[in-house]
Amino acid sequence: MKNHSIFCFVAVVTSLFFACGSSNTDSVEQANDMNDKKTHQVLWMTIDDNDAKFLVEASDASMMEIEAGNLAQQKSTNKSVVDFGKMMSTEHANANTEIQSVASMKSVTMPTSMSEDHMKN
């Protein structure tokens with residue numbers, strides 16, 4: 001019994017060590033990692049890894065488009081560009097709301113911010 005307790009303690013400490021040692025700060029990568037570890041079955045609905053990755057990537061792209069639209073509104077003096085930026089932000093925010101809704105129904109973990117690749121551009 002004592003050996004079993006020691007083994008469990010070592011297993012927990014080891015898993016915590018590896019979990020804390022992860023330097024993955026990209027929200028999109030974290031969401032994909034979490035989704036890879038899940039069993040994608042909720043009641044009668046199932047989702048495979050490709051569908052989960054699609055939802056994560058679609059949300060990431062929408063967040064980038066929202067930010068681009070916001071920048072167009074803030075930085076441009078051309079009314080057409082400002083109007084287009086507003087439309088772009090609004091439409092992609094609506095799309096992202098729908099994406100989040102589907103992801104929630106399917107128990108898919110979603111990113112909370114856009115990927116580091118999109119932030120660089």
Side-chain angles (χ1 to χ4, degrees):
M1 184 71 153
K2 185 177 180 182
N3 286 339
H4 180 69
S5 297
I6 291 171
F7 175 76
C8 288
F9 175 76
V10 170
V12 168
V13 169
T14 303
S15 64
L16 287 174
F17 174 76
F18 285 111
C20 293
S22 175
S23 63
N24 186 2
T25 59
D26 189 315
S27 179
V28 171
E29 289 179 21
Q30 288 176 347
N32 281 327
D33 289 346
M34 292 201 51
N35 290 325
D36 286 343
K37 294 175 186 172
K38 285 184 182 178
T39 302
H40 300 292
Q41 188 168 10
V42 178
L43 300 174
W44 55 272
M45 296 182 282
T46 60
I47 188 164
D48 67 21
D49 288 340
N50 289 332
D51 292 338
K53 286 179 181 171
F54 171 79
L55 290 171
V56 169
E57 289 174 13
S59 180
D60 182 36
S62 285
M63 287 186 274
M64 181 193 67
E65 295 292 337
I66 292 166
E67 183 62 26
N70 290 340
L71 285 172
Q73 292 175 73
Q74 294 167 6
K75 303 281 184 181
S76 182
T77 57
N78 183 318
K79 183 174 176 3
S80 296
V81 172
V82 171
D83 290 344
F84 182 77
K86 183 176 182 179
M87 185 268 310
M88 201 163 101
S89 293
T90 301
E91 293 298 317
H92 283 281
N94 292 340
N96 208 27
T97 298
E98 291 182 35
I99 293 166
Q100 296 286 339
S101 176
V102 170
S104 177
M105 288 185 337
K106 301 288 189 168
S107 294
V108 174
T109 302
M110 298 299 284
T112 56
S113 61
M114 73 176 121
S115 66
E116 290 177 4
D117 287 342
H118 284 158
M119 285 185 200
K120 290 177 188 175
N121 298 329

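In this chain, residues are counted from 1 in sequence order. Just so we're clear, the structure is a prediction, and the values are computed from it rather than from any experiment.
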Cluster check Val108, Val102: I/L/V/M/F/W/Y, side chain < 4.5 angstrom | yes
Residues passing the side-chain hydrogen bond (donor to acceptor under 3.5 Å, both in side chains) test with Thr112, sequence neighbours excluded, are Ser27
Correct closest heavy-atom pair for Met63 and Pro111 would be CE-CG, 3.8 Å
Nearest heavy-atom contact between Ser62 and Ala95 is OG-CB, 4.3 Å
Residue set satisfying salt bridge (charged side-chain N to carboxylate O under 4.0 Å, His left out) with Lys79, at least two apart, ordered chain then number -> Asp83
Taken in chain and number order and not counting sequence neighbours, the residues that satisfy side-chain hydrogen bond (donor to acceptor under 3.5 Å, both in side chains) with Glu91 are none
The side-chain hydrogen bond (donor to acceptor under 3.5 Å, both in side chains) partners of Ser115 (sequence neighbours excluded) come to Asp60
Would you say Thr97's side chain and Ala93's backbone share a donor-acceptor pair under 3.5 angstrom?
yes
Residue set satisfying side chain to side chain contact (heavy atoms under 4.5 Å, CB included) with Phe84, at least two apart, ordered chain then number -> Met87, Met88
CG (Leu55) and CE (Met105) are apart, to the nearest 0.5 Å, by 9.5 Å
Exercise. Does Ile66 share a hydrophobic cluster with Ile99, counting links as ILVMFWY side-chain heavy atoms below 4.5 Å and allowing steps through other members?
Worked result: no
Across all chains, not counting sequence neighbours, the side chain to side chain contact (heavy atoms under 4.5 Å, CB included) partners of Ser76 are Asn78, Val81, Val82
Hits for side chain to side chain contact (heavy atoms under 4.5 Å, CB included) against Glu98, two or more places apart or cross-chain, chain-then-number order -> none
NZ (Lys53) and CG (Asp51) are apart, to the nearest 0.5 Å, by 11.5 Å
Residues at least two apart in sequence or cross-chain that pass side chain to side chain contact (heavy atoms under 4.5 Å, CB included) with Ala61, listed by chain then number, are none
